[in-house]
K.L.:
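Mind having a look at this structure? Questions to follow.
Note that the structure is predicted; figures quoted are calculated from it, not measured. By convention here, the first residue in the shown sequence is residue 1.
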Amino acid sequence: YLDLALSQINILERKKEPQNVILNFRAFCFNSKGRIYEKEKKYGLAIEFYSKGLEIDNIKKLNPILYAMVLNNLAYSKMQDDNLKGVKEMLFESYKIRDSLKSESGIISSKFKIGEYYLYKKDTIKGLENLLTCYKLAKKVKSTSDVLKALQILSAIDVKNKSFYTNEYIRISDSSQVAERNTRNK
């Protein structure tokens with residue numbers, strides 16, 4: 001579907017649609033293709049598509065939230081591909097943009113990936129600090145999936161509070177499943 005969407009962009013260009021709409025749409029498609037490859041653990045291909053998204057003229061100025069998202073995803077895929085060149089700088093640039101725009105979901109994602117970066121670098125203290133920030137903000141904005149993601153890693157790295165994080169994970173996961181079942185049964 002994303003290849004079809006990208007081909008439709010060419011039609012929009014021929015119809016003289018506004019350039020900013022076309023550029024945003026193209027960057028979004030490249031980011032989505034990158035995410036698909038990332039989930040398949042094909043990090044080289046993910047990096048390729050994220051890079052294409054960042055190469056789009058003025059994307060940082062046109063849509064800083066999308067730029068920060070693509071940059072964050074590129075950094076994460078590079079880290080997963082064991083290529084740390086520029087990763088820290090990309091993660092922090094993404095975070096600064098998201099923070100300046102008060103994008104709570106973006107801040108959560110950035111803090112999560114920064115936490116993972118520090119864990120990758122074997123700096124458990126900074127990793128824990130960022131993941132705790134992620135957890136607290138996700139809890140504040142009621143993002144169940146982000147809370148669960150953070151709790152899962154926190155329970156693995158914070159030995160002292162492992163039982164708390166594990167119990168929280170189970171409690172939230174169970175209540176989320178009950179809510180989903182109730183919604184389906186309505």
Side-chain angles (χ1 to χ4, degrees), residues 1-9 23-56 59-60 63-95 97-98 103-122 127-128 130-131 133-135 137-139 141-157 165-166 169-170 172-174 176-177 179-180 183-184:
Y1 288 109
L2 290 170
D3 290 328
L4 179 61
L6 284 167
S7 70
Q8 293 300 307
I9 293 171
L23 295 175
N24 274 318
F25 190 51
R26 185 172 280 132
F28 181 80
C29 287
F30 286 142
N31 183 66
S32 297
K33 283 192 81 155
R35 291 284 293 152
I36 290 167
Y37 287 122
E38 185 181 293
K39 287 179 192 286
E40 294 174 348
K41 298 187 184 328
K42 295 177 181 175
Y43 299 112
L45 288 169
I47 290 165
E48 183 182 321
F49 280 97
Y50 293 140
S51 296
K52 285 181 180 183
L54 293 174
E55 290 168 5
I56 292 173
I59 193 63
K60 185 176 182 179
N63 191 337
I65 288 178
L66 179 58
Y67 172 82
M69 180 191 314
V70 178
L71 187 64
N72 201 46
N73 290 339
L74 173 61
Y76 180 77
S77 281
K78 285 183 73 165
M79 182 174 61
Q80 294 302 310
D81 202 38
D82 293 321
N83 175 3
L84 295 184
K85 186 177 179 194
V87 166
K88 183 178 180 181
E89 293 79 9
M90 286 186 248
L91 289 171
F92 279 93
E93 180 183 351
S94 175
Y95 170 73
I97 292 167
R98 289 166 155 180
S103 170
E104 290 177 324
S105 63
I107 293 168
I108 291 167
S109 177
S110 284
K111 283 295 190 177
F112 187 83
K113 288 179 179 170
I114 291 169
E116 285 191 308
Y117 168 80
Y118 280 121
L119 293 178
Y120 185 93
K121 296 289 285 179
K122 309 272 189 262
L128 185 61
N130 281 280
L131 288 163
T133 301
C134 168
Y135 166 68
L137 183 56
K139 203 170 168 182
V141 301
K142 297 180 171 100
S143 175
T144 304
S145 62
D146 289 322
V147 167
L148 290 173
K149 215 165 63 167
L151 285 170
Q152 191 171 26
I153 292 183
L154 287 167
S155 67
I157 61 168
Y165 294 130
T166 303
Y169 181 90
I170 293 167
I172 292 168
S173 180
D174 287 350
S176 175
Q177 289 174 4
E180 283 177 32
T183 301
R184 270 186 296 205

K.L.:
Can you confirm whether Arg98 sits close enough to Ser109 that some side-chain heavy atom of one is under 4.5 Å from a side-chain heavy atom of the other?
P.N.:
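They are in contact (side-chain heavy atoms under 4.5 Å apart), so the answer is yes.
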K.L.:
Rounded to the nearest 0.5 Å, what's the gap from NZ on Lys111 to CG on Asp146? Could you check?
P.N.:
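If I round to the nearest 0.5 Å, the distance is 14.5 Å.
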K.L.:
Identify the heavy atoms of Val141 and Glu104 that sit nearest to each other, and give their distance.
P.N.:
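Scanning both residues completely, I find the closest heavy atoms to be CG1-OE1, 3.1 Å.
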K.L.:
Is any side-chain heavy atom of Tyr95 closer than 4.5 Å to one of Asn72?
P.N.:
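No; the side chains remain at least 4.5 Å from each other.
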K.L.:
Could Lys88 and Tyr117 be counted as a cation-pi pair, given that NZ or CZ must be under 6.0 Å from the ring centre and within 45° of the axis?
P.N.:
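Checked: cation-pi criterion not met.
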K.L.:
With a 3.5 Å cut-off and no angle check, do the side chains of Tyr67 and Asn31 form a donor-acceptor pair?
P.N.:
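Side chains of Tyr67 and Asn31: no pair found under 3.5 Å.
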K.L.:
Are side-chain heavy atoms of Ile114 and Thr133 found at a separation under 4.5 Å?
P.N.:
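A side-chain contact is absent here, since even the closest heavy-atom pair is not under 4.5 Å.
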K.L.:
For the residue pair Val70 and Tyr50, what are the closest heavy atoms and their distance?
P.N.:
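Nearest heavy atoms, Val70 then Tyr50: CG1-O, 3.3 Å.
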K.L.:
Do Leu131 and Leu119 touch side chain to side chain, with heavy atoms closer than 4.5 Å?
P.N.:
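The answer is yes, as the side chains (C-beta and beyond) meet within the 4.5 Å cut-off.
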K.L.:
Can you list the steps and then say if Phe30 with Ile56 is a side chain to side chain contact (heavy atoms under 4.5 Å, CB included)?
P.N.:
CA-CA 10 Å; Phe30 286 142; Ile56 292 173; 4.0 Å; yes
K.L.:
Compare all side-chain heavy atoms of Leu74 with those of Met90 and state whether any distance is below 4.5 angstrom.
P.N.:
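SC-SC contact between Leu74 and Met90 confirmed.
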K.L.:
Regarding Glu38 and Arg35, does a basic nitrogen lie under 4.0 Å from an acidic carboxylate oxygen?
P.N.:
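Yes, Glu38 and Arg35 are salt-bridged.
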K.L.:
Which class fits the ring pair Phe49 and Tyr37: parallel under 30°, tilted 30 to 60°, perpendicular over 60°?
P.N.:
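Correct class here is parallel.
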K.L.:
Do Leu91 and Ser110 have side-chain heavy atoms sitting under 4.5 Å apart?
P.N.:
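Result no, sub-4.5 Å side-chain heavy-atom pair not found.
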K.L.:
Would you name the heavy atoms of Leu137 and Ile107 that are closest together and state the gap between them?
P.N.:
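In terms of heavy atoms, the two residues are closest at CD2-CG2, 3.6 Å.
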K.L.:
Is the charged tip of Lys78 near the ring of Tyr43: under 6.0 Å from the six-membered ring centre and within 45° of its axis?
P.N.:
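Cation-pi check for Lys78 and Tyr43: fails.
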K.L.:
Could you check whether any side-chain N or O of Asp81 sits under 3.5 Å from a backbone N or O of Ser77, counting only pairs where one atom can act as donor and the other as acceptor?
P.N.:
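Side chain of Asp81 to backbone of Ser77, a donor-acceptor pair under 3.5 Å: no, none is there.
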K.L.:
For a quick test of reading the model, state the closest non-hydrogen atom pair linking Ala27 to Ile59 and the distance between them.
P.N.:
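What the structure gives for the nearest pair is CB-CD1, 3.7 Å.
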K.L.:
Within this structure, what is the OG-CD distance for the pair Ser94 and Glu89, rounded to the nearest 0.5 Å?
P.N.:
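Between atom OG of Ser94 and atom CD of Glu89 there are 13.0 Å.
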K.L.:
Run Ile36 and Lys42 through side chain to side chain contact (heavy atoms under 4.5 Å, CB included) and show every step you take.
P.N.:
CA-CA 9 Å; Ile36 290 167; Lys42 295 177 181 175; over 6 Å; no
K.L.:
If you look at every heavy atom in Gly34 and Ala46, which pair is closest and at what distance?
P.N.:
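In terms of heavy atoms, the two residues are closest at O-CB, 3.3 Å.
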K.L.:
To the nearest 0.5 Å, what is the distance between CG (Asp174) and OH (Tyr169)?
P.N.:
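Rounded to the nearest 0.5 Å, the CG-OH separation comes to 10.0 Å.
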K.L.:
Salt bridge check: are Lys60 and Glu93 linked by an N-O gap of less than 4.0 Å?
P.N.:
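Here Lys60 pairs with Glu93 in a salt bridge, since their nearest N and O are under 4.0 Å apart.
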K.L.:
Taking atom CD of Gln152 and atom CG of Leu154, what is their separation to the nearest 0.5 Å?
P.N.:
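Between atom CD of Gln152 and atom CG of Leu154 there are 10.5 Å.
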K.L.:
So, taking the atom named OG in Ser145 and the one named NZ in Lys149, what distance separates them when rounded to the nearest 0.5 Å?
P.N.:
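Answer rounded to 0.5 Å: 7.0 Å.
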K.L.:
Please find the pair of heavy atoms, one from Tyr120 and one from Met79, that lie closest to each other, and give the distance.
P.N.:
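Smallest interatomic distance, heavy atoms only, reads CE1-O, 3.8 Å.
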K.L.:
Yes or no on side chain to side chain contact (heavy atoms under 4.5 Å, CB included) for Leu128 and Asn130, after CA distance, side-chain angles and deciding distance?
P.N.:
CA-CA 6 Å; Leu128 185 61; Asn130 281 280; over 6 Å; no
K.L.:
Kindly indicate, with the supporting measurements, whether the criterion side chain to side chain contact (heavy atoms under 4.5 Å, CB included) is fulfilled by Asn63 and Phe28.
P.N.:
CA-CA 10 Å; Asn63 191 337; Phe28 181 80; over 6 Å; no
